[in-house]
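Accompanying notes for the structure given below.
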Amino acid sequence: MLAVRNFHVFRGDRHVLRGVSFDLAAGCCLQVTGVNGAGKTTLLRALCGLVDVEEGSLLWRGAAIERSASAFHAELGYLGHDAPLKADLTGRENVRYAVGLRRPLAAATVVRGLERVGAGAFADRPVRSLSAGQRRRIAFAALWLCGVPLWILDEPNTNLDTQGQALVAGLIEEQLAAGGLVVAAVHQELDLPPGRRVDLVIPGGR
Amino acid sequence: MNPPPAGRASWATAGRLVLERDLRLAFRRSGQLVQPLAFFAVITLLFPLALTPELARLREVAPGVLWIAALLSSLLALEFLFRDDAHDGTLEQFVLSGQSLTLLLFAKTVAHWMLTGLPLAVMAPVVGVALGVPLQALPGILAALALGTVTLSLVGAIGAGLTLGVKRGGVLLSLLTLPLAVPILVFGARATELAIKGADYAGPMYLLAALAVLGLTLAPLAAAAAVRIGLE
């Protein structure tokens, strides 16, 4: 469903990605690994169209995707290093505004999302008073509620406790079982059935 | 448990949510809201102290004073337009929302105007009185400032987008925006001057309105392109 052909990306004059290619079928997870600075984040951001791709093409459902294609963006959810939340709003408000941009959203649906990630207890506190792990859970609630087929996750387990990591693993499994796709940059391997996992190692150290 | 089935949010809903969110955020951090207004009041009220307490002479410089103060305090406020959203990743999520970035940034700019330009225009008659402006000129001054600040916010959004990637971009932002703001300053001050003299100020007001229309149609597109570049 998602295919990348020969991606070349420069950051400044550094040639970060040198010909990355992969194919990802529905219900599969691409696990991206590599040393620090190898270009994992750059690859994820290039998939989203947040970084200019020098050469190469991206295919989604068999069609080539231009950068800033809003139909493609409507089908993907990106969660980077830091949870994209407003510190002065509560978790509930953050979810409402972030997800409401994408889909019609009832208050009860927001509650379901927050409870799914175990954030019900602290959903009405301003995000600035929450721990990094709690913020991450709220960001996952927003991602889950978007209901998009493609998730792009940058180190999804950062800052999460053991329960939180289990929760994320569960969310990823559900997403795959529903026929969705996940692209995740990780340091620790994800625990997934072999048939569902595609590995991509970005050579680094330059 | 799968997430509830999703439809697409309409562009009107998306725009309204962005506007509502920005207004709510501004009232949670009211310090940022008051700053440009206090700056505007301080500049204008320093003139009677520094120049002369004679109302007849103050009245002559009032248009220039009001507009330069309005321009400077708008520039001060512009820095906050996209900075926080760029910092916490909200702008990236805007780009990836599947909605038109132009529309979302336009909604942000409208919110910004409602929080800076509009209060400035409302405050202008008050400080105008301190500068010896006759009462019958006050509605004209309010209208000219309200119209002029719309264009200032729109033009400023382009500059704010372009300076996203720059640390401490405040000075650069001012340098980028000032040349584009000159026509607004010229026509706005002229309209104010005519209003104070009791003359017909429709001419410069039409020109201000024309600039606002030009800004409304083109600036959001340019701002969206600028933000895409600035986010890289």
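Please read all numbers here as calculations on a predicted model, not as lab measurements. Residue numbers begin at 1 in each chain, while the letters A, B, ... track the order of the sequences. Hydrogens, waters and symmetry mates are skipped; everything else that's a heavy atom, side chains included, is used.
Remark: A:Arg196 engages A:Leu176, A:Pro193 in a side-chain contact (heavy atoms from CB on, under 4.5 Å) (not counting sequence neighbours).
Interface remark: of the candidates B:Glu20, B:Gln99, B:Arg29, B:Glu20 forms the most heavy-atom pairs closer than 4.5 Å to chain A. In terms of non-hydrogen atom pairs under 4.5 Å with chain A, the most contact-rich of B:Thr90, B:Leu96, B:Leu17 is B:Leu96. Chosen from B:Asp88, B:Asp85, B:Asp84, B:Val18, the residue pairing most often with chain A at heavy-atom distances under 4.5 Å is B:Asp88.
For B:Leu104, the part lying near chain A is the side chain, with the backbone staying farther off; criterion is any non-hydrogen pair under 4.5 Å. Residue A:Ala83 touches chain B through its backbone alone, counting heavy-atom pairs closer than 4.5 Å. In this structure, chain B has a heavy atom under 4.5 Å from the backbone of A:Leu85, while its side chain stays farther away.
Ring geometry, A:His15 versus A:His8: the interplanar angle falls from 30° to 60°, so the pair is classed tilted.
Salt-bridge formation is not detected for the pair B:Arg21/A:Asp88: no Lys NZ or Arg NE/NH1/NH2 atom is positioned less than 4.0 Å from an Asp or Glu carboxylate oxygen. Between A:Glu174 and A:Arg116 there is a salt bridge, since at least one side-chain N of the basic residue sits less than 4.0 Å from a carboxylate O of the acidic one. Between B:Arg28 and A:Glu93, at least one side-chain N (NZ, or NE/NH1/NH2) sits under 4.0 Å from a carboxylate O, which counts as a salt bridge.
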